[in-house]
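Just below is one structure, and these are the notes that go with it.
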Number of protein chains: 2
Amino acid sequence: MFAGALTATQSHPVRTRGVPAPSFLPRARQISLFAPEGEIYAQGEQAGALYRIEFGAVRVYRLHTDGRRQIVAFYFGGETFGLEAGRTHSFFAEATVHTGLSKFANAPGELASQELMTLALRSMLHAQEHLLVVSRQSAVEKLGAFLLDVAERQGDLDHIDLQMTRVDIGEYLGMTIETVSRSFSKLREEGILRLHGAKTVEIIQPEKLVLLCK
Amino acid sequence: MFAGALTATQSHPVRTRGVPAPSFLPRARQISLFAPEGEIYAQGEQAGALYRIEFGAVRVYRLHTDGRRQIVAFYFGGETFGLEAGRTHSFFAEATVHTGLSKFANAPGELASQELMTLALRSMLHAQEHLLVVSRQSAVEKLGAFLLDVAERQGDLDHIDLQMTRVDIGEYLGMTIETVSRSFSKLREEGILRLHGAKTVEIIQPEKLVLLCK
DNA sequence: CGATAGATTGACCTCATTCAACAGGTGTGG
DNA sequence: CCACACCTGTTGAATGAGGTCAATCTATCG
């Protein structure tokens, strides 16, 4: 039945917007499937491989000593992740929903290639953007900036598919699930967005949201 | 008299700990001097060059639309900065104190070199570490983690030379100067550190601080 | 040695967190 | 296909940490 989910999801065109397909990497033989909460790699494991998301979504996070989780990035269909500074992973990577990945063995000699450089700089830029969002003062602004980011990456303002729980969003933005929920409600009450279920968001007044968050 | 400050500072050995000298880059002819608040580059300017700090300190920041400043990194003696994702700078770089820099013209063809890759991955890692610090819950923990970072990079726990104002620290950690000051006071009251003037910090109980922040 | 920017401390207030109860939606088994 | 159970999300009230405004102190530089 997960195989069913696979074909069903794949029948949608995989979004590749923003991140070009890593043509410089050897073609992956097959797609690995991950159930929600499924671990892709763990902190301490040997790094080196790259992963391209065919469908689904992934969270990359780290654990604080007090047990709290800090999600440093989400990745969606068409995006590539897995590049890290050291030889071993400093982060955990897990699927947030049913997810299909292409894995690329990354030969160490290839590390200096232009494309990998681009990927590293992109990751750096993303971390800095994330920093700007998290250091934003108000909870509503944080959530708004997050939603705009996701909408842009998914290429559709009218139909954002969150593919993650309020817990995930909270751990990404550095706030509690209650505050996340309240912020959604505030944006809804102000007529900026509409919720169709908890995970499908429609942005009605993008201008207002941009004005608020950018 | 600034020339005097130059020789005086240079008589101290320039710390190169953590960041190897960029031997892969063409030797710089001379050292450029910057007064406190002096602009090194601005957002929108053409990027490409790298800078090595001979003495002094640099802040790299970005402006929010509401005018607030978000400092994304500090750099100290021996460290190299200036690498960015795009062709133009997304950030501003300014000296926080009297600073001397070696500028390296960065030939575009060299972009794929192993050493630049290392620099990019280091920047990525730093941005992610910074994110973890800022998303830490309490103000005292943020400041403690920051001090440990600076102490490690300067290689001396007993004598941290901050080389920046409370405003800078606040804009780096995402809190007000009052909260920064109060956090310093709390750490002092708990006997973890001692202040000799506002910018010279002596960490008396590093274990306690590590326990609190790491 | 005086002027001035930077830093500290206090009082008050706002807003996110915490704790708790409730509602809704999803998935499972009958 | 329906009913129940559980997980997820929402909302409310009380608490507390950090922001804001303001006054005072002090370190540094001319």
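Order of the sequence lines sets the chain letters (A, B, ...), proteins ahead of strands, with each chain counted from 1.
- Across the protein-nucleic acid pair, B:Gln163 atom CD and C:dG6 atom C1' stand 17 Å apart, rounded to whole Å.
- The CE atom of A:Met164 sits 18 Å away from the C1' atom of D:dC7 (whole-angstrom rounding).
- Ion pairing of A:Glu37 with A:Arg59 is present here, as a side-chain N (NZ or NE/NH1/NH2) and a carboxylate O approach within less than 4.0 Å.
- Under the 3.5 Å distance criterion, with hydrogens and angles disregarded, a donor-acceptor pair is assigned to the side chains of B:Tyr61 and B:Glu94.
- Rounding to whole angstrom units, CG of residue B:Leu162 and C1' of C:dA7 are separated by 13 Å.
- Ion pair B:Arg52/B:Glu54 flagged as a salt bridge, since at least one NZ, NE, NH1 or NH2 atom sits closer than 4.0 Å to an Asp/Glu carboxylate oxygen.
- Using five terminal pairs a side, the axes of the helix from C:dC1-D:dG30 to C:dG30-D:dC1 at its two ends make an angle of 50°, given in steps of 10 degrees.
- Look at NZ on A:Lys142: it is 14 Å from P on C:dC15, rounded to the nearest Å.
- Between B:Glu79 and B:Arg153 there is a salt bridge, since a side-chain N of the basic residue sits under 4.0 Å from a carboxylate O of the acidic one.
- Backbone-only engagement by A:Lys199 is indicated by non-hydrogen atom pairs under 4.0 Å involving sugar-phosphate atoms exclusively.
- Ring geometry, B:Phe76 versus B:Phe74: the interplanar angle falls under 30°, so the pair is classed parallel (tilted spans 30 to 60°).
- Against DNA chain C, the stretch residues 168-185 of chain A makes heavy-atom approaches under 4.0 Å through A:Gly174, A:Met175, A:Thr176, A:Glu178, A:Thr179, A:Arg182.
- Atom CG in B:Leu195 sits roughly 14 Å away from atom P in D:dT26 (whole-Å rounding).
- OP1 or OP2 of D:dT11 lies within a sub-4.0 Å distance of a side-chain N or O belonging to A:Arg188.
- More than 12 heavy atoms of other residues, nucleotides or ligands shown are found within 6.0 angstrom of CD on B:Glu207.
- Across the protein-nucleic acid pair, B:Leu193 atom CG and C:dT8 atom C1' stand 15 Å apart, rounded to whole Å.
- Counting to the nearest Å, the C1' atom of D:dA17 and the CD atom of B:Glu141 are 13 Å from each other.
- Note: NZ (A:Lys186) to P (C:dA16) measures 6 Å, nearest angstrom.
- Side-chain contact annotation: B:His89 with B:Glu45, donor-acceptor N/O pair under 3.5 Å absent.
- When distances run from any side-chain atom of B:Arg166 to the nucleotides C:dA7, D:dG9, C:dA16, the shortest one goes to C:dA7.
- Between A:Asp168 and A:Arg69, at least one side-chain N (NZ, or NE/NH1/NH2) sits under 4.0 Å from a carboxylate O, which counts as a salt bridge.
- Listed by chain and number, the residues in a side-chain contact (heavy atoms from CB on, under 4.5 Å) with A:Ile177 are A:Arg166, A:Val167 (sequence neighbours excluded).
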